[in-house]
Amino acid sequence: MATQARAPVAVEVHDLEKTFRAGWPGRQRTVALRGVSFDVPRGAIFGLLGPNGAGKTTLLSILATLLLPDGGHARVLGHDVVREARRVRELINMAAGNTSFPSSLSCREVLDIAARTYGIGGRERRRRLAQLLEQFELAGYGDTAYNELSTGLKQRLALAKAFVNDPELLILDEPTVGLDPDISSRIREQLAALRRARRMTILLSTHYMREAEQLCDDIVFLRGGVILARGEAGTLKRQILGGDRIAMTVEGEWAGLRGLPGVLGCHGDGSRVECTVDDARKRLPELLRYLVEQGAAVSEVSVAEPNLESVFIELAR
Amino acid sequence: MTAASGLASELVKTSGFFLKSWRITRRNPLTIFEVVFWPVVSVLSVGLMTAFLGVTPETTVFVLIGTLAFSVLQVCQLDVAYVVLFDMWSKSVRHQFLAPVRPWHMALGAWLMGTLRGVAVFALLAGISRWAFGVSFLGAGWGPAAAFVAGLLLASAGIGLIVATLLLLFGVHAEVTAWSGVSLVLLLCGIYYPVSMLPAPLSTLATVIPLTYFLEAFRADYGFPSFSRSPWLTGYAVAIAYLVGGYVMFSWAIARARRTGMLLRLSD
């Protein structure tokens with residue numbers, strides 16, 4: 001057990017498959033995951049991106065032991081999600097966007113009941129509740145019924161509930177969906193701070209590319225139950241979209257740009273020249289230096305760094 | 001995580017389910033109807049009907065025992081089913097299945113709440129029956145009354161678990177069983193009539209329902225003939241069999257819901 005607890009990998013997923021059956025007798029089949037494999041190092045924030053129906057929630061639900069896979073296997077913090085499900089449940093927690101709780105329960109009661117289901121007793125439970133209400137800025141709403149909370153407060157409560165057992169792995173399924181930008185931003189800051197403070201591993205599915213870029217160390221793109229791409233945001237942008245783009249107006253010879261290191265391609269339309277480079281910050285001075293040496297006049301330089309949203313659109317097509 | 005250890009941890013987990021039911025129930029306007037309105041209307045209307053029909057005091061006792069049994073059973077089994085229903089209504093089923101709890105934590109916590117409400121219904125109806133119709137459910141002593149209520153509460157656990165199983169299998173489509181399932185049981189076990197009046201196949205079915213024996217045993221203490229050799233023991237044995245069967249089914253339904261995705265469909 002102790003050896004497993006020190007394992008550097010928090011999540012190992014190998015060839016995971018899941019098909020949902022509906023109708024009688026299960027004739028309608030929807031394949032949600034088709035042999036998904038990846039691993040997540042401890043302490044990382046791992047992003048899952050993909051269009052609706054890509055299989056993100058299915059994957060997270062299997063890792064949270066809410067759903068059983070049909071094939072393959074997954075281990076969370078060294079424990080098999082099927083055979084050692086209860087142990088996994090002790091170590092993880094989950095929050096989803098649009099989470100609900102019984103409407104008449106107050107914030108404090110929601111957290112109290114959740115803490116009890118993890119076997120957290122008496123004094124420790126009271127201390128934990130007070131800390132979570134404070135940490136998620138819910139202290140003033142402890143006795144407010146769930147149905148009287150705003151959407152933002154409800155979401156903060158869902159997040160607070162996910163921290164009730166001080167999990168080593170936190171699963172967040174679109175945690176900021178439907179929230180206004182200010183609240184989303186604060187939740188992102190909170191998550192980043194919590195991750196720094198507790199060194200917990202976070203699995204995050206989101207539709208917001210900015211969120212993924214801001215928070216995630218590593219990202220996978222899922223579509224149709226298959227991983228299409230994986231990597232750090234910057235790497236993905238270069239891999240999928242072919243790098244950064246530098247556009248400029250050049251009066252003079254520019255064809256030699258194509259031969260410079262890091263230049264992936266250049267094309268021109270009149271005096272307007274656009275080059276694709278591996279890293280704009282590194283290559284721009286080299287390009288300008290070359291053009292000046294060639295005696296060309298350069299004006300209107302702009303750098304277009306591809307964003308994750310472009311990658312998403314490209315992969316979701 | 002600093003969790004309580006051993007038995008203390010198990011009790012804390014169970015208390016979570018009891019307290020959830022308690023906190024939701026005390027703010028739920030339906031509670032007044034479930035614990036007070038329907039049981040009182042039921043016992044008053046049945047009692048008044050016996051007066052109108054001019055039946056003997058013994059027959060009045062016979063019928064009111066049935067009414068009492070119906071009310072206690074209905075309330076307690078509903079509370080056990082609420083362990084799934086409350087979360088199903090609020091689309092928050094996944095939270096309790098995300099936690100490291102066993103099915104018995106859920107069932108026991110919910111049943112304890114059912115026990116509390118069942119005993120409250122018994123006390124209320126016993127008082128009204130004595131005041132309005134001169135019928136005392138403690139006439140045969142505290143022992144038989146306690147054994148009767150305990151039997152009803154035990155039988156309720158089995159029925160409630162079967163209802164909870166149906167909810168996890170069929171979702172909202174099975175909601176109606178929470179209120180109607182118990183009526184079928186009551187039809188067969190003879191709440192207002194001896195089971196000997198039922199047609200042969202139905203009276204045979206009645207022998208596998210624990211309530212049949214509890215009604216028979218309690219009524220025997222009021223002088224009605226008993227058809228079984230040891231109705232109390234048989235009743236408890238059958239009720240325990242239902243409880244074990246209901247628990248096995250409930251556990252299986254949870255596992256199946258994890259396989260089919262029902263837990264997700266009932267959430268958020």
*How long is the span from the NZ atom in B:Lys13 to the CD1 atom in A:Ile120, to the nearest 0.5 Å?*
10.0 Å
*What residues, two or more places apart in sequence or in another chain, satisfy side-chain hydrogen bond (donor to acceptor under 3.5 Å, both in side chains) together with B:Ser129?*
none
*Student check: side-chain heavy atoms of B:Phe17 and A:Ile113 closer than 4.5 Å*: no
*For A:Phe163, does the CZ atom sit with more than 12 other heavy atoms under 6.0 Å from it, leaving out its own atoms?*
yes
*Tell me the residues of residues 248-265 of chain B whose non-hydrogen atoms fall below 4.5 Å from those of chain A, in number order.*
B:Ala255, B:Arg258, B:Arg259, B:Thr260, B:Gly261, B:Leu263, B:Leu264
*Flag the one option from A:Arg125, A:Arg86, A:Lys161 with the top tally of heavy-atom pairs under 4.5 Å to chain B.*
A:Arg86
_Short side-chain to backbone donor-acceptor contact, B:His95 and A:Ser100, under 3.5 Å_ = yes
_Side chains of A:Arg116 and B:Leu19 in contact at under 4.5 Å (non-hydrogen atoms)_ = yes
*Pull out the residues in residues 62-74 of chain A that come under 4.5 Å of chain B, heavy atom to heavy atom, sorted by number.*
A:Ala64, A:Thr65, A:Leu66, A:Leu67, A:Leu68
*Pairwise distance OG(B:Ser267) to CG(A:Asn98) - rounded to 0.5 angstrom*: 12.5 Å
*Are any of the side-chain heavy atoms of A:Thr99 and B:Ser92 separated by less than 4.5 Å?*
no
*asked:* For A:Gly119 versus B:Ser9, what's the shortest heavy-atom pair and its separation?
replied: CA-OG, 3.9 Å
*More than 12 foreign heavy atoms under 6.0 Å from CD of A:Gln131: is that the case here?*
yes
*What is the minimum heavy-atom distance between A:Met94 and B:Leu98, and which atoms define it?*
CB-CD2, 3.5 Å
*Taking the side chain as C-beta and beyond, is there a heavy-atom pair between B:Ser90 and A:Ser103 under 4.5 Å?*
no
*Given that the side chain runs from C-beta out, which part of A:Phe101 has a heavy atom under 4.5 Å from chain B: side chain, backbone, both or neither?*
both
*Using a heavy-atom cutoff of under 4.5 Å, enumerate the residues of residues 20-30 of chain B that contact chain A, numbered in order, or state 'none'.*
B:Lys20, B:Arg23, B:Ile24, B:Arg26, B:Arg27
